[in-house]
Enquirer: 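Okay, here's the structure, questions in a sec.
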Amino acid sequence: MSIELLKTYNPKEVEDKIYKLWKESGFFNPDNLPKRHQNPFTIIMPPTNANGSLHAGHGLVMTIEDIMIRYKRMRGYKTLWLPGLDHAGFETQVVYEKQLEKEGRSRFQMDPKELYKEILDFTLNNKKNIKGQIPKIGSSCDWSREKFTLDGDIVKTVYKIFEKMAKDGLVYRGKKVINWCPKHQTSLSDLETADTEQVDNFYYLQYGPFVIATARPETKFGDKYVVMHPNDERYKKYKNGQKIKLEWINGPITATIIKDEAIDMTFGTGVMTITPWHDSTDFEIAERHNLEKEQIIDFRGKLLPIAGEFVGISIKEARPLIIEKLKSKGLLVKIDENYKHVVKKCYKCESIIEPQIKDQWFIKMKPLAEPAIKTIEDGDIEYIPEHYKKISLHWLKNIIDWNVSRQIVWGIPIPAKICIKCDEGIVDIDNKISVCPKCGGDVRQETDTFDTWFSSGQWPFASLGFPDSKDYKEFFPTDVMETAGEIIFFWVARMIMFSLYVTGKIPFKTVYLHGLVLDAKGQKMSKSKGNVINPLDLTEKYGTDAFRIGLVVGNTPGTSLALAEDKIKGYKHFGNKLWNIARFVLMSLPDDMSTVLKSPLTPEDQKLIDELNVSMKEITDDMDQYRFYLAAEKIYHYTWHAFADKIIEESKAKLASEDEKIRTSAQRMLIEILTTCLKTLHPFMPFITEEIYSKLPLHPPPPERADGGKKLLMIEDWPV
RNA sequence: GCGCGCUUAGCUCAGUUGGUUAGAGCGACUCGUUUACACCGAGUAGGUCGUGGGUUCGAAUCCUACAGCGCGCACCA
């Protein structure tokens with residue numbers, strides 16, 4: 001054949017053209033696929049946070065999911081990959097607040113409506129930007145079904161489910177100790193705090209006849225209950241409820257003895273005073289004994305009037321001053337300077353979380369977790385890698401109620417009214433309630449928004465149009481949820497719970513979890529370290545195909561991946577190798593292919609085809625078992641080191657043979673192996689394979705093709 | 001404290017249900033410009049598979065103890 005291909009493959013010339021071709025074919029949309037595509041295969045894309053640009057992790061998500069979808073599409077499934085974008089509540093609000101800070105502004109000086117509008121503009125901008133970036137990875141998702149987490153129908157579903165939960169008694173609003181971030185001025189769920197070990201001073205203080213120990217003297221102003229274990233022999237002369245008078249930080253007080261089994265007799269002195277407003281253990285003790293609770297620290301992290309002379313001072317500044325005073329009063333017994341303990345911090349800004357009592361909306365989790373535990377234990381959901389199953393079960397079995405209220409504007413408003421008189425919270429999705437049903441008082445609109453995971457937990461069925469849509473009926477439950485191992489609790493476990501509760505079905509049959517994408521040295525990427533890799537820089541430099549297969553080969557699910565540029569570069573070379581293989585094969589073929597395609601194979605060539613089929617069987621097996629890291633490596637190895645290095649080298653003699661049978665057999669063998677390699681490589685390297693495929697002299701397209709004869713590799717049959 | 005991982009060639013990692021001389025990529029070294037490709041080809045070196053014990057005809061693979069590293073969860077003041 002005459003050949004017009006250059007010696008070097010140029011991704012830039014090819015990629016945009018090919019993506020356009022795919023998109024225009026309509027095959028991203030399952031409804032447009034040819035007749036043979038009957039059984040649905042569905043992946044809901046984890047909605048991409050619309051608060052920045054695509055990062056390396058997105059590159060991995062888009063690649064793995066596209067591999068799954070392209071493979072199943074070629075195997076004849078009716079494939080739906082539903083793309084989505086996420087308003088990403090708190091995450092986005094944090095990003096935006098940082099931007100405000102840089103501009104010397106603050107959200108606390110802004111009208112909430114104005115702030116909301118600004119963040120909305122910011123998000124919509126990012127959304128547009130990201131939508132332009134996703135195709136650069138080659139993602140064959142169905143853009144006609146794209147969803148955004150703030151779409152009207154999504155919000156409607158979320159409201160309905162919230163109302164249902166309220167009716168089922170799964171929602172309550174209560175005064176409990178919550179995690180308060182003093183910087184972000186919102187409560188956070190337990191998952192949004194990070195435990196950090198640190199070394200602090202541990203102060204032993206004289207409290208009447210007792211010595212108590214604390215790391216937080218600034219909370220001790222209001223401590224008027226002293227607690228010990230009922231079985232502690234050392235303190236058996238003190239009786240529960242007994243009053244004692246003692247000198248404390250700001251003068252004489254009367255303390256009450258409380259006996260409670262929560263006390264660890266072996267820790268410290270076995271005696272402690274409690275601060276129920278700022279500690280959940282203390283809160284529980286206070287609840288058990290019906291004790292008074294008093295706020296000591298305000299929501300900004302400053303001391304309240306109960307602290308007397310220290311009022312208005314921040315915790316950090318107050319602590320040494322208080323210790324100084326205690327010392328001068330002779331109440332400081334000793335200081336242990338090596339006290340190792342764990343403090344909770346805001347996972348975004350690392351501010352120390354200040355526990356506070358606050359009225360918040362909670363979801364009762366035990367009734368939701370139990371069916372999920374059963375389903376997972378029954379093996380209805382496959383976890384890849386499997387150990388995530390244990391991790392999930394462990395979390396589900398120890399689950400605690402979920403605070404879903406956030407004091408931020410960016411998110412879905414909680415549809416409820418709050419009674420101004422008695423503080424009752426009333427779920428009101430239709431905005432009809434104007435009088436408190438409990439006390440008859442006036443009500444105000446709730447201003448808190450939902451934890452973003454409350455709505456994303458409902459994403460698989462909400463995005464498909466639960467409960468009445470055709471899509472929901474056809475594509476739910478979905479097949480695979482592919483997402484980051486990091487959000488196994490935040491998202492995966494909650495989707496399972498929500499889905500079972502709302503639809504009675506599992507949301508997906510398989511969970512495939514990938515690890516973190518790290519930099520070449522194996523370090524976590526962060527803007528402050530300056531080691532962030534922009535995936536689009538790599539696709540620009542080495543081509544998208546090289547980026548994709550480089551990301552997948554050797555990357556076992558669940559383990560983090562060091563993204564080395566050299567590796568991507570290596571696969572660019574592979575792309576070029578493939579390109580030249582195609583050039584060689586095409587050069588070796590005659591202009592008229594009709595005899596070649598029907599030509600019988602010599603036993604020697606037949607053996608090569610048989611060996612190819614054995615390899616393909618193995619690769620198909622790996623694909624079915626989600627071992628893409630192995631499948632990719634095998635097809636790479638076959639193409640380069642079997643096909644190019646051996647089969648093609650040996651074919652040169654055959655092609656030069658005097659015997660026409662040997663020549664045509666070799667030609668047929670070459671085109672068949674090349675075609676098979678292209679098909680098998682297509683999920684990993686879609687652009688170059690599609691481009692080469694379009695140049696091959698092939699059989700006429702099968703008659704049932706909906707595309708009127710366009711030879712798109714994308715919908716060809718998978719070999720084997 | 002409880003739980004989950006990881007430890008294999010200089011580096012990054014595979015090794016699927018235990019089975020012949022343990023693999024790949026990158027890197028190193030030697031040779032080679034043969035007309036598909038130097039983004040190439042032919043070849044070489046390099047590992048007591050973290051340590052000790054056990055199961056087995058046979059273990060990198062299963063069990064157990066220990067060590068080192070990483071991560072998650074937890075209300076020890």
Side-chain angles (χ1 to χ4, degrees), chain A residues 3 5-9 177 190-191 194-195 202-205 212-216 219-220 223 226-228 262-275 278-285 339 341-342 344 355 385-395 397-400 485-486 488-489 515-516 518 520-522 542-543 546 550 553-556 558-588 618 621-622 625-627 629-634 636-637 640-641 644-645 648-649 651-652 670:
Chain A
I3 179 121
L5 301 183
L6 298 169
K7 275 191 180 183
T8 307
Y9 171 63
V177 175
D190 294 272
L191 290 177
D195 292 349
F202 200 42
Y203 305 98
Y204 287 79
L205 309 176
I212 59 159
T214 182
R216 302 202 56 192
T219 65
K220 295 285 152 201
D223 288 13
V226 58
V227 191
M228 58 215 72
I263 298 298
D264 180 351
M265 288 187 268
T266 63
F267 185 84
T269 56
V271 183
M272 71 172 189
T273 62
I274 58 168
T275 315
H278 299 288
D279 185 288
S280 55
T281 310
D282 294 2
F283 178 87
E284 281 167 22
I285 294 171
Y339 178 56
H341 68 147
V342 170
K344 273 190 182 181
E386 219 189 331
H387 73 259
Y388 275 104
K389 187 170 167 172
K390 279 190 224 163
I391 295 175
S392 299
L393 284 170
H394 185 258
W395 184 73
K397 287 178 179 173
N398 296 291
I399 202 157
I400 53 176
E486 265 188 313
I488 182 90
F489 307 138
L516 254 40
L518 309 170
K521 289 176 196 153
Y542 302 106
V553 170
N555 180 21
T556 39
T559 54
S560 52
L561 157 84
L563 181 57
E565 207 171 313
D566 271 353
K567 196 173 167 193
I568 308 294
K569 191 171 152 194
Y571 288 100
K572 178 182 189 258
H573 295 174
F574 174 60
N576 200 55
K577 185 77 187 178
L578 180 65
W579 187 253
N580 279 288
I581 289 170
R583 261 171 29 100
F584 175 82
V585 173
L586 289 173
M587 278 166 75
S588 315
E618 234 180 78
D621 236 46
D622 288 333
Q625 302 298 316
Y626 301 95
R627 294 188 294 250
Y629 60 102
L630 279 183
E633 195 181 324
K634 281 177 188 166
Y636 165 89
H637 213 255
W640 199 321
H641 301 297
D645 289 349
I648 285 186
E649 285 309 316
S651 77
K652 286 176 181 171
L670 288 173

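Convention: sequence-line order gives letters A, B, ...; per-chain numbering from 1.
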Enquirer: About how many Å separate CZ of Arg627(A) and CD of Glu633(A), when rounded to the nearest 0.5 Å?
Expert: 13.0 Å
Enquirer: When Watson-Crick pairs (N1 to N3 and N6-O4 or O6-N4) and G-U wobble pairs (N1-O2 and O6-N3) count only below 3.5 Å on both distances, what is the dot-bracket string of RNA chain B, with | for other-strand pairs?
Expert: (((((((..((((.....[...)))).(((((.......))))).....(((((..]....))))))))))))....
Enquirer: Is Asn555(A) reaching over with its side chain to a backbone N or O of Tyr629(A), donor-acceptor style, under 3.5 angstrom?
Expert: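 Looks like no, no N/O pair under 3.5 Å.
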Enquirer: Quick one: is Lys652(A) getting a side-chain N or O under 4.0 Å of the A36(B) phosphate, OP1 or OP2?
Expert: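 Yes, such a contact exists.
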Enquirer: Roughly how many Å is it from CD1 in Ile263(A) to P in C76(B), rounded to a whole number?
Expert: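 Rounded to whole Å, this separation is 13 Å.
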Enquirer: Nearest whole angstrom, please: distance from the P of G15(B) to the CG of Leu630(A).
Expert: 6 Å
Enquirer: Would you say Trp395(A) reaches C4(B)'s phosphate, i.e. side-chain N/O to OP1/OP2 under 4.0 Å?
Expert: no
Enquirer: Treat primed atoms plus P, OP1 and OP2 as sugar-phosphate and everything else as base, then score nucleotides 17-35 of chain B 5' to 3': B for base contact with protein heavy atoms under 4.0 Å, S for sugar-phosphate contact only, - for none.
Expert: -------SS----------
Enquirer: Should Lys572(A) be listed as having a side-chain N or O under 4.0 Å from OP1 or OP2 of C39(B)?
Expert: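 Checking C39(B) against Lys572(A), no side-chain N or O comes under 4.0 Å of OP1 or OP2.
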Enquirer: Counting only side-chain nitrogens and oxygens, does Tyr629(A) get under 4.0 Å of the OP1 or OP2 atom of U16(B)?
Expert: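 Negative; the distance criterion is not met.
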Enquirer: Do the side-chain N or O atoms of Thr556(A) get closer than 4.0 angstrom to the phosphate oxygens (OP1, OP2) of A14(B)?
Expert: yes
Enquirer: Below the 4.0 Å mark, does A38(B) have OP1 or OP2 next to a side-chain nitrogen or oxygen of Lys577(A)?
Expert: no
Enquirer: Once you round it to whole Å, what is the distance between C1' of C6(B) and CG of Leu516(A)?
Expert: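 Roughly 15 Å, once rounded to whole Å.
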Enquirer: Can you list everything that forms a ring pair (Phe, Tyr, Trp, His ring centres under 6.0 Å) with His637(A)? Sequence neighbours excluded, please.
Expert: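 His637(A) satisfies ring pair (Phe, Tyr, Trp, His ring centres under 6.0 Å) with His641(A) once adjacent residues are dropped.
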Enquirer: Pair up each side-chain donor or acceptor in residues 565-576 of chain A with any protein partner under 3.5 Å, not counting sequence neighbours, and list the distances.
Expert:
from: Glu565(A); atom 1: OE2; to: Lys541(A); atom 2: NZ; distance (Å): 2.6
from: Glu565(A); atom 1: OE2; to: Tyr542(A); atom 2: OH; distance (Å): 2.7
from: Lys567(A); atom 1: NZ; to: Gly550(A); atom 2: O; distance (Å): 3.3
from: Lys567(A); atom 1: NZ; to: Val553(A); atom 2: O; distance (Å): 2.7
from: Asn576(A); atom 1: OD1; to: Tyr9(A); atom 2: N; distance (Å): 3.0

Enquirer: Once you round it to whole Å, what is the distance between P of C4(B) and OH of Tyr388(A)?
Expert: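 To the nearest whole Å, that distance equals 14 Å.
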Enquirer: Whole Å only: how far is the CH2 atom of Trp640(A) from the C1' atom of A42(B)?
Expert: 15 Å
Enquirer: Rounded to whole Å, how long is the line connecting atom CZ of Phe283(A) with atom P of C75(B)?
Expert: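 Atom-to-atom, Phe283(A) to C75(B), this comes out as 14 Å.
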Enquirer: With sequence neighbours left out, what residues match His387(A) under ring pair (Phe, Tyr, Trp, His ring centres under 6.0 Å)?
Expert: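 His387(A) satisfies ring pair (Phe, Tyr, Trp, His ring centres under 6.0 Å) with no residue once adjacent residues are dropped.
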Enquirer: Between Asp195(A) and Lys344(A), is any pair of side-chain heavy atoms under 4.5 Å apart?
Expert: yes
Enquirer: Which whole-number value in Å describes the distance from Phe489(A) CZ to G3(B) P?
Expert: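 After rounding, the reported distance stands at 15 Å.
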Enquirer: If I take atom CD in residue Glu486(A) and atom P in nucleotide G5(B), what distance separates them, rounded to the nearest angstrom?
Expert: 19 Å
Enquirer: Kindly say whether, by distance alone, the side chain of Glu649(A) makes a donor-acceptor pair under 3.5 Å with the base of A36(B)?
Expert: yes
Enquirer: Please give me every residue in residues 265-275 of chain A whose heavy atoms get under 4.0 Å of an atom in RNA chain B, ordered by residue number.
Expert: Phe267(A), Gly270(A), Met272(A)
Enquirer: Would you say Thr559(A) reaches A14(B)'s phosphate, i.e. side-chain N/O to OP1/OP2 under 4.0 Å?
Expert: yes
